[in-house]
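Letters A, B, ... mirror the listed sequences (proteins, then strands); counts begin at 1.
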2 protein chains.
Amino acid sequence: MPPSEGAMRATTLNDVARRAGVSIATASKALNGRDDVAAATRARVLAAAQELSFTPNEMARGLLAGRTGTVGLLTSDLEGRFMLPILMGAEDAFGAGQINVFLCDARGDAIREQHHLKALLSRRVDGIIVVGRQTDPRPSLGQDLPVPVVYAYAPSDDERDLSLTPDNYAGGRMAVEHLIACGRTRIAHVSGDPSYAAAQDRLAGARSALSAAGLELVGDPMFSEWSEHWGRDSSAMLLARHPEIDAIFCGSDQLARGVLDTARDLGRNVPDDLAVMGYDNWELLATNSRPQLTSIDANLQQLGRHAAQRVFDAIDGVDVGEGVHHLPVRLVIRGSTIARR
Amino acid sequence: MPPSEGAMRATTLNDVARRAGVSIATASKALNGRDDVAAATRARVLAAAQELSFTPNEMARGLLAGRTGTVGLLTSDLEGRFMLPILMGAEDAFGAGQINVFLCDARGDAIREQHHLKALLSRRVDGIIVVGRQTDPRPSLGQDLPVPVVYAYAPSDDERDLSLTPDNYAGGRMAVEHLIACGRTRIAHVSGDPSYAAAQDRLAGARSALSAAGLELVGDPMFSEWSEHWGRDSSAMLLARHPEIDAIFCGSDQLARGVLDTARDLGRNVPDDLAVMGYDNWELLATNSRPQLTSIDANLQQLGRHAAQRVFDAIDGVDVGEGVHHLPVRLVIRGSTIARR
DNA sequence: CTGTTAGCGCTTTCAA
DNA sequence: TTGAAAGCGCTAACAG
């Protein structure tokens, strides 16, 4: 019995050929637009295909062609804020190129990741993009895979792999340069978990901008967790101990939201008394605060598209390349650093 | 020339058979654990497969089996807050069942959706889950598809399709019942875009709970957009006009965040002077506010798993069913409605 | 127990 | 211009 959906066995090229009264080979040629088919024959075949709503079986086609027109997207954890834009960028790029994407979520588990990798290989994907949730290096899938692999966001720990990751150092520098350009000189830093490479890189970038201007951070960088709560608490401590602070550079927009909250509680006007910068340019947070948050955008969707493009190229035989590439980030200026007029 | 990755043509069953010195059929049996193979032979085959790191070609296998072990996830827009949990639930359920998921994002464009649908059918997916971004009915993909289809979140406009969507009416009722149970009697409602079914359903549910208690909404429901800004502005208006309000039920957590902000500005203590409820239980927003937000959780991940389960069943020949199913939601109580002690 | 044979749906020579 | 035949990698009959 056929499945309930009014289903039936999908129509095959054979059905089309028979209905059009030609051989299966001729039908194939007609449908694929090859020019050694009589116009009348082609018309008949196309009509038949239409009537039977024929859709060629890509699996069979792939078997012949040796490529499937599919790629695997291996994420370590869909949950994260950073996955989605990368996913979208990649899906977008591939979709335009008639490639379909297998989505696999390893849930942060190495065993599950191996399972999924195996599954992807058995499906003969033409390439794989590995998306990690942090910018800390992650274990390589290895060099002996039969398909090209690109690492996005979380770089591979093996230099022979190609990794695309946002340039957090440049982001940190850019942020502080902006604050300095706004006339601020007593700048503090609030960040999240210090074990994150992102936290350290952004801080290092910030420090390079400061020392280039002959300045130093006010107080120690405040590390703890990437939460709004910590943004509130850390800034309260900072401002109590160093009331002269005129700008706080935050390692995330969440932290910055917390800082804004504290500033209001303390009656410090933002941006006049105190400039506040976020990081990530998470629109939900950045555009709904009062004032809106100046932030650094890592262009993640573009990063996803880039990764897809590399896989594309690799499929076409271009060497995929290697090393960790730090992709440019972008400053988005809003009201938390410059008063709107 | 082989692709750079140290690639090479993937090893086939033929390679394994030759290396083990058996026929290709025997190799197949040995690898698939059929019992009509001598132990010694099996060992030899397994060893050979291991050495060549053989992975069976699922496409070839699928060609024989008539099923591919893949399903399509057709989303209308990845951007949304509601996609991700559903996606995760479905991916999770399928992953455990050795099924791989094609992710297709139509970007809210009907033409692109048709393209993707066609692509999925040509890949001979065994089923499709259509995920919409709102709970308003969406156009059906049609009844004459060769695979089972389940609609998640956004129901199909055709009753013959199976749709799973959260029970917003029950959510609205549940929210107001909770507020009443907390002793509130002067309850107002702030919501987003009134053209959303979600907005109307939640309001209708809220009203049913109110009238069951012999109460009425204070003031008109405040509709505009689903933003924190509107939460701030609308509640300021409400509280100015109706200072007696002792609870505000919000149509989203974003709105509720805005309401909390205004309450603080006006010096109204939450929850003592004013109880505030959100909707969606978006943890990022709900757990980072002061106080944390009581909210309604639509169990979206579970909804995704359900949808996957239905597709599973349909693949196994069980009728997929039909009609719009409203899945239960859940109250999550935090500090914005009950003072913590 | 093992190997031979016949396909799954399609594309691609190569004759007719 | 058309069709017969081979074969992509695999499994499922059947003979041996």
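For B:Asp36, the side-chain atoms get nearest to C:dT2 when compared with the rest of D:dG3, C:dT2, C:dC10.
Rounded to an integer number of Å, the gap from CG of B:Asn57 to P of D:dC8 is 12 Å. The CZ-P distance, from A:Arg124 to D:dC8, rounds to 14 Å in whole Å. Rounded to whole Å, the distance from CZ on A:Arg123 to C1' on D:dC10 is 14 Å. The distance between atom CG of A:Leu63 and atom P of D:dT11, rounded to the nearest whole Å, is 12 Å. In this structure, the CG atom of A:Leu31 is 14 Å from the P atom of D:dG3, given to the nearest Å. Between B:Asn14 atom CG and D:dC10 atom P the separation is 8 Å, expressed in whole Å.
If you check the side chains of A:Asp161 and A:Ser140, you find a donor sitting under 3.5 Å from an acceptor. At a cut-off of 3.5 Å, with distance as the only test, no side-chain donor of A:Thr70 or A:Asn100 sits close to an acceptor on the other residue.
Between A:Leu162 and A:Tyr151 the shortest side-chain heavy-atom distance does not fall below 4.5 Å.
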Collect all protein-nucleotide pairs involving nucleotides 11-13 of chain C in which both atoms are nitrogen or oxygen and the distance is under 3.5 Å.
from   : atom 1 : to      : atom 2 : distance (Å)
C:dT11 : OP1    : A:Asn32 : ND2    : 3.2
C:dT11 : OP1    : A:Arg61 : NE     : 2.8
C:dT11 : OP1    : A:Arg61 : NH2    : 3.0
C:dT11 : OP2    : A:Ser28 : OG     : 2.9
C:dT12 : OP2    : A:Arg34 : NH1    : 3.3

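One finds the CZ atom of A:Arg44 at 9.5 Å from the OG1 atom of A:Thr26 (value rounded to the nearest 0.5 Å). With rounding to the nearest 0.5 Å, the separation of CD1 in A:Ile86 from CD in A:Glu91 is 14.5 Å.
Here A:Thr41 reaches the OP1 or OP2 of D:dT2: one of its side-chain N or O atoms lies under 4.0 Å away.
Between B:Asp92 and A:Arg107 a salt bridge is recorded (basic side-chain N to carboxylate O distance below 4.0 Å).
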